[in-house]
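What follows is a single structure, written as structure tokens, with notes after it.
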Amino acid sequence: MRKAYIAGNWKMNMTATEGREYAKALLAAVKEKGADVKMMVAPPFVTIPAVLEVLKDSPIIVAAQNMADHKSGAYTGEVSPLMLKDLGVNTVILGHSERRQYYGETNEIINGKILLALECGMDVVYCVGETLEEREAGKLEEVLASQIEVGLKGVDASAMAHITIAYEPVWAIGTGKTASAEDADSAHLFIRETVERLYSKDIAENLIIQYGGSVKAGNVKALMAKENIDGALVGGASLSVEQFLPILTFNK
Ligand code: 13P
């Protein structure tokens with residue numbers, strides 16, 4: 001049985017001051033209502049310490065949205081996984097489509113980051129997903145297969161317990177367009193089958209696959225009802241407690 005895993009990716013939103021207040025409000029709301037899922041928020045780097053002050057000993061994981069592909073050195077503007085670990089951050093989102101699209105991250109670069117994160121003892125949420133152009137050209141499976149094959153190259157079977165995959169069709173991110181629950185489920189099934197082909201049935205069955213792309217209180221139940229959808233990676237709707245709480249408590 002896979003435990004639902006719901007995460008909020010704040011992207012480039014929330015100052016440290018705003019993040020601290022948000023974290024207090026979210027924690028209070030979750031304590032009051034009770035949540036029965038694995039929970040995570042991913043603030044911007046500079047907001048992480050303020051959020052951690054509030055959430056450190058709570059059930060809400062604080063993750064990073066990205067990290068460098070080296071441990072240290074002359075990489076101006078980058079943040080090392082060792083710096084994150086030192087703060088107490090043990091989870092990182094890698095390969096988000098915005099990193100791929102705007103910052104030139106390829107499957108190969110992301111693969112290097114995944115291997116480094118695992119070496120540093122971190123859990124990874126690895127984002128995959130096709131663009132509209134790729135979907136319309138019938139390349140969905142080809143794109144997902146290569147993102148998984150290249151992205152996870154060199155990842156040992158024993159490390160797969162530290163990997164969550166987030167399926168985020170690029171055309172559904174921030175657009176208000178959600179993949180139908182059926183379309184999302186069939187992409188998730190394909191991802192699970194690919195992981196089974198590369199690893200084993202057992203690893204594929206235990207793999208948590210989140211869906212991301214315009215997840216909201218109004219569509220989370222239908223998505224989560226699907227066999228292969230085990231969680232959500234939420235952008236816009238994770239930025240207010242009012243909108244995020246009903247997603248975290250979709251099964252209450
Ligand atoms: P939205 O929920 O705003 O569509 O963003 C999804 C996403 O990219 C989460 O990583």
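Atoms within a ligand are numbered from 1 in the order they appear, just like the ligands themselves.
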Ligand 1: which protein N/O atoms lie under 3.5 Å from its N/O atoms?
unit_1, atom_1, unit_2, atom_2, d
ligand 1, 2 (O), S214, N, 3.4
ligand 1, 2 (O), G235, N, 2.9
ligand 1, 3 (O), G236, N, 2.8
ligand 1, 4 (O), G174, N, 2.6
ligand 1, 4 (O), S214, N, 2.7
ligand 1, 5 (O), K11, NZ, 3.2
ligand 1, 8 (O), K11, NZ, 2.8
ligand 1, 8 (O), H96, NE2, 2.8
ligand 1, 8 (O), E168, OE1, 3.4
ligand 1, 10 (O), N9, ND2, 3.0
ligand 1, 10 (O), H96, NE2, 2.9
ligand 1, 10 (O), E168, OE1, 3.2
ligand 1, 10 (O), E168, OE2, 2.9

Non-neighbouring partners of W10 that pass side chain to side chain donor-acceptor pair (under 3.5 Å), sequence neighbours left out: none
Strictly distance-based, threshold 3.5 Å: is any side-chain N or O of Q243 a donor or acceptor partner for the main-chain N or O of S240? no
Would the number of heavy atoms belonging to other residues, nucleotides or ligands and lying under 6.0 Å from CD of E108 be above 12? yes
Show which side-chain atoms of residues 74-85 pair as donor or acceptor with protein atoms under 3.5 Å away, not counting sequence neighbours.
unit_1, atom_1, unit_2, atom_2, d
Y75, OH, H70, NE2, 3.2
S80, OG, K71, O, 2.6
S80, OG, L82, N, 2.9
K85, NZ, N90, OD1, 3.1
K85, NZ, C120, O, 3.4
K85, NZ, G121, O, 3.4

ring-ring contact (aromatic ring centres under 6.0 Å, His included) filter on Y126, not counting sequence neighbours, yields none
Is any side-chain N of the basic residue among E53 and R20 closer than 4.0 Å to the acidic one's carboxylate O? yes
